[in-house]
Amino acid sequence: IGFLMDKILGDPSWLPHPIIWFGKAVAKCDKMFNSGKYKIIKGTLVTLFLVSMVFIIFYLLIYYTSQLNLYLATIIESIFIFYGIAGTTLIREGKAVFKKLDESLDAGRKQVSRIVGRDTSLLNRDQICAATLETMAENLSDGVIAPLFWYALAGIPGIMSYKMINTLDSMIGYKNDKYIEFGKFAAKSDDVANFIPARLTAFLMVIASGNLRAIKYIFKYGRAHSSPNAGYPEAALAGILNVKFGGTSVYFGKKVDKPFIGENQRAFTKKDIQKSSRINWLAEIITTLIILILIFYNKMPLIEFLAKVFSKNLL
C-alpha cells in the first residue's frame with residue numbers, strides 16, 4: 001500500500017511530512033549545541049539522541065497500535081512506508097529538468113538547482129544532464145533502496161531512523177568550518193547506513209537494465225567518488241548508458257574536481273533520462289518484491305528473523 005501511495009501521490013507539497021519535523025529537530029539542536037568547545041562530542045550525542053528517539057517512538061507506535069488493532073497498525077505502517085520512499089518524486093524531478101532544457105538553458109539550470117547542491121548558474125546543457133543523471137543514480141540509493149533495505153531489517157523504526165540519519169547528514173554533515181566537527185559523526189553514520197544499500201543499488205540497476213556488462217564499471221569506478229557510497233550507483237549508470245560523469249563543479253563558491261566515472265564522453269540525450277527513469281522504476285519494483293517475499297515467508301522484519309535463527313543455533 002505504501003509503495004502504491006508513492007506511485008500515485010509522490011510527495012505533494014500540501015501533505016505534512018515527518019522529515020520536516022526531523023529537520024526542525026536537527027535545526028534546533030544545531031542552534032543550541034553547535035558552538036564553543038567539544039563540538040565533536042556534542043554532535044555525536046545529538047546524532048545518537050535523535051536517531052534513538054526516532055527508533056523508540058516509532059517502535060512504540062507500531063507495537064501499541066498492533067496490540068490495539070491490526071488494521072490500524074497496517075494503515076499507519078503503510079503511511080510511513082509512503083513517507084520513507086521517494087521514487088516517484090525523484091523520477092518526476094529528473095524528467096522535469098530535461099523538459100525545462102527544451103525551453104531554455106536558464107530554465108534547465110533553475111530546475112536542476114532543485115535537486116543538486118552545486119552551483120548551476122554556469123552549467124552548460126551536458127553538465128545539467130550529467131548532474132541530473134548523477135543525482136538520480138545517487139538518490140535511487142538514498143531515497144528508495146536504502147529506506148526499503150532498512151525497512152526489511154527493522155520495520156518502520158528502521159526506515160524512519162534511516163531517514164533521520166539522512167536528514168542529519170543533509171543538514172550538518174558538511175566539511176566546512178561550521179560543521180566539520182559538529183556534523184562529523186552524522187556524516188559517518190550516513191556513510192555506514194548507506195554502505196550496503198549503495199552497493200546493492202548498483203547491482204539492482206544493472207539487473208534492471210539487463211546490461212550485465214555494466215558490472216565491470218561498478219568495480220572499476222565505484223571507489224572513484226569522494227563519497228564512499230555515491231560512486232557505486234553512479235558507476236552502474238555510467239556503464240549502462242555508456243557515458244562519463246564527473247569533472248569540475250562549484251559547491252558553496254568553491255571549485256571541486258570530481259573524478260571521472262565512465263569512459264565515453266558523449267552528448268546526453270532524452271533517451272538517457274528515459275532509460276534512467278525506467279531503471280529506477282524497475283529497481284524499486286525488484287526491491288519491493290524481494291521485501292514482500294521476505295515478509296510473507298518470515299512474517300517478521302528480517303532482523304527479528306535473524307535474531308531468532310541465531311539464538312536457536314546458539315542454543
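This structure is a prediction, so every number in the text was calculated from the model and none was measured.
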For R125 and F268, indicate whether the former's side chain and the latter's backbone hold a donor-acceptor pair under 3.5 Å. yes

Distance under 6.0 Å and angle within 45° of the ring axis: does R199 meet both against F203? no

For residues W21 and I56: do they belong to one hydrophobic cluster (side chain heavy atoms under 4.5 Å, members Ile, Leu, Val, Met, Phe, Trp, Tyr)? no

With a 4.5 Å cut-off on side-chain heavy atoms, are I180 and K184 touching? no

Quick one: does S189's side chain get under 4.5 Å of V51's, heavy atoms only? no

Among the clusters formed by ILVMFWY side chains lying less than 4.5 Å apart, do I8 and L15 turn up in the same one? yes

Under 3.5 Å, is there a donor-acceptor pair linking the side chains of D119 and S121? yes

What I'd like to find out is whether the side chain of M164 reaches to under 4.5 Å of the side chain of F55, using heavy atoms alone. no

I'd like to know if E103 pairs up with K100 as an ion pair, taking the criterion as any Lys NZ or Arg NE/NH1/NH2 lying under 4.0 Å from an Asp or Glu carboxylate oxygen. yes

Under 3.5 Å donor-acceptor, S161 side chain and V54 backbone: no

Passes side chain to side chain contact (heavy atoms under 4.5 Å, CB included), I81 versus E77? Steps please. CA-CA 6 Å; I81 290 172; E77 191 159 340; 4.2 Å; yes

Residue pair A214 / A236: nearest heavy atoms and the distance that separates them: CB-O, 4.2 Å

From OG1 (T88) to CG (D6), nearest 0.5 Å: 3.5 Å

Using modelled atom types and a 3.5 Å cut-off, is there a donor and acceptor pairing between side-chain atoms of E138 and backbone atoms of T135? no

As an exercise, state the distance from CD of E181 to CD1 of I172, rounded to the nearest 0.5 Å. 12.5 Å

Can you find a heavy atom in the side chain of W281 that is under 4.5 Å from one in the side chain of K7? yes

Please report the C-alpha distance between I85 and E284 in whole Å, then the side-chain angles of each, then the deciding distance to 0.1 Å, and finally whether the side chain to side chain contact (heavy atoms under 4.5 Å, CB included) criterion is met. CA-CA 10 Å; I85 56 178; E284 185 176 356; 3.7 Å; yes

Side-chain donor or acceptor of Y217 paired with backbone N/O of E234 under 3.5 Å: no

For the CD1 atom of I156 and the CZ atom of F80, what is their distance to the nearest 0.5 Å? 8.0 Å

Around atom NZ of K39, are there more than 12 heavy atoms from other residues, nucleotides or ligands closer than 6.0 Å? yes

Spacing of CG belonging to D272 relative to CD belonging to Q274, to within rounding of 0.5 Å: 9.0 Å

Backbone N/O of S35 and side chain of K42: donor-acceptor pair under 3.5 Å: yes

Salt bridge D102-K99, side-chain N to carboxylate O under 4.0 Å: no

Closest non-hydrogen atoms of L148 and I291, given as atom of the first, atom of the second and distance, are O-CD1, 3.3 Å

Contact summary for E93 and R114, nearest pair of heavy atoms: OE2-NH2, 2.6 Å

Take F22 and L50 through the side chain to side chain contact (heavy atoms under 4.5 Å, CB included) test and state the conclusion after the steps. CA-CA 9 Å; F22 290 179; L50 290 177; over 6 Å; no

Are M160 and P18 side-chain neighbours, meaning at least one heavy-atom pair lies under 4.5 Å? yes

Do the side chain of N124 and the main chain of Q127 share a donor and acceptor less than 3.5 angstrom apart? yes

Tell me whether I285 at atom CD1 has more than 12 heavy atoms from other residues, nucleotides or ligands lying less than 6.0 Å away. yes

Within a reach of under 6.0 Å around CZ of R213, are more than 12 heavy atoms found that belong to other residues, nucleotides or ligands? no

Nearest-0.5 Å distance that lies between atom CZ in F185 and atom CD1 in I165: 8.5 Å

Please report the shortest heavy-atom distance between A137 and P233, naming the atom on each side. O-CB, 3.4 Å

Which atom of R223 lies closest to which atom of Y232, heavy atoms considered: CG-OH, 3.2 Å

Backbone N/O of A193 and side chain of W150: donor-acceptor pair under 3.5 Å: yes

Heavy-atom count check: over 12 atoms from other residues, nucleotides or ligands less than 6.0 Å from I1 CD1? no

Any donor-acceptor N/O pair, T120 side chain to R109 backbone, under 3.5 Å: yes

Grouping I, L, V, M, F, W and Y whenever their side-chain heavy atoms are under 4.5 Å apart, do L72 and Y63 come out in a common cluster? no

Would K270 pass as a cation-pi partner of F98, given that its NZ or CZ must be under 6.0 Å from the six-membered ring centre and within 45 degrees of the axis? no

Looking at side-chain heavy atoms only, is the closest gap between M171 and D30 below 4.5 Å? no

Should I128 and L105 count as side-chain neighbours, where that means a heavy-atom distance under 4.5 Å? yes

Please lay out, stage by stage, how L133 and L241 fare under the test side chain to side chain contact (heavy atoms under 4.5 Å, CB included). CA-CA 10 Å; L133 295 170; L241 300 179; 4.1 Å; yes

Following the transitive rule for hydrophobic clusters with a side-chain heavy-atom cut-off under 4.5 Å over Ile, Leu, Val, Met, Phe, Trp and Tyr, establish whether Y59 and M53 coincide in one cluster. no

Under a 3.5 Å distance rule, please check whether Y162 uses its side chain to pair with a backbone N or O of Y151 as donor and acceptor. no

Judged by modelled atom types alone, do Y179 and N34 share a side-chain donor-acceptor pair under 3.5 Å? no

Test your reading of the model: is there a side-chain donor-acceptor pair from D169 to the backbone of N166, 3.5 Å cut-off? no

Side chains of E263 and Y221: is there a donor and an acceptor less than 3.5 Å apart? yes

Nearest heavy-atom approach of P259 to A224 is CG-O, 2.6 Å

With the 4.5 Å side-chain cut-off for hydrophobic clustering, are I196 and V192 part of the same group? no

Hey, are the side chains of K31 and K28 touching, using non-hydrogen atoms and a 4.5 Å cut-off? no

Tell me whether K244 at atom NZ has more than 12 heavy atoms from other residues, nucleotides or ligands lying less than 6.0 Å away. yes

How far does CD1 of I62 sit from CD1 of I57, to the nearest 0.5 angstrom? 12.5 Å

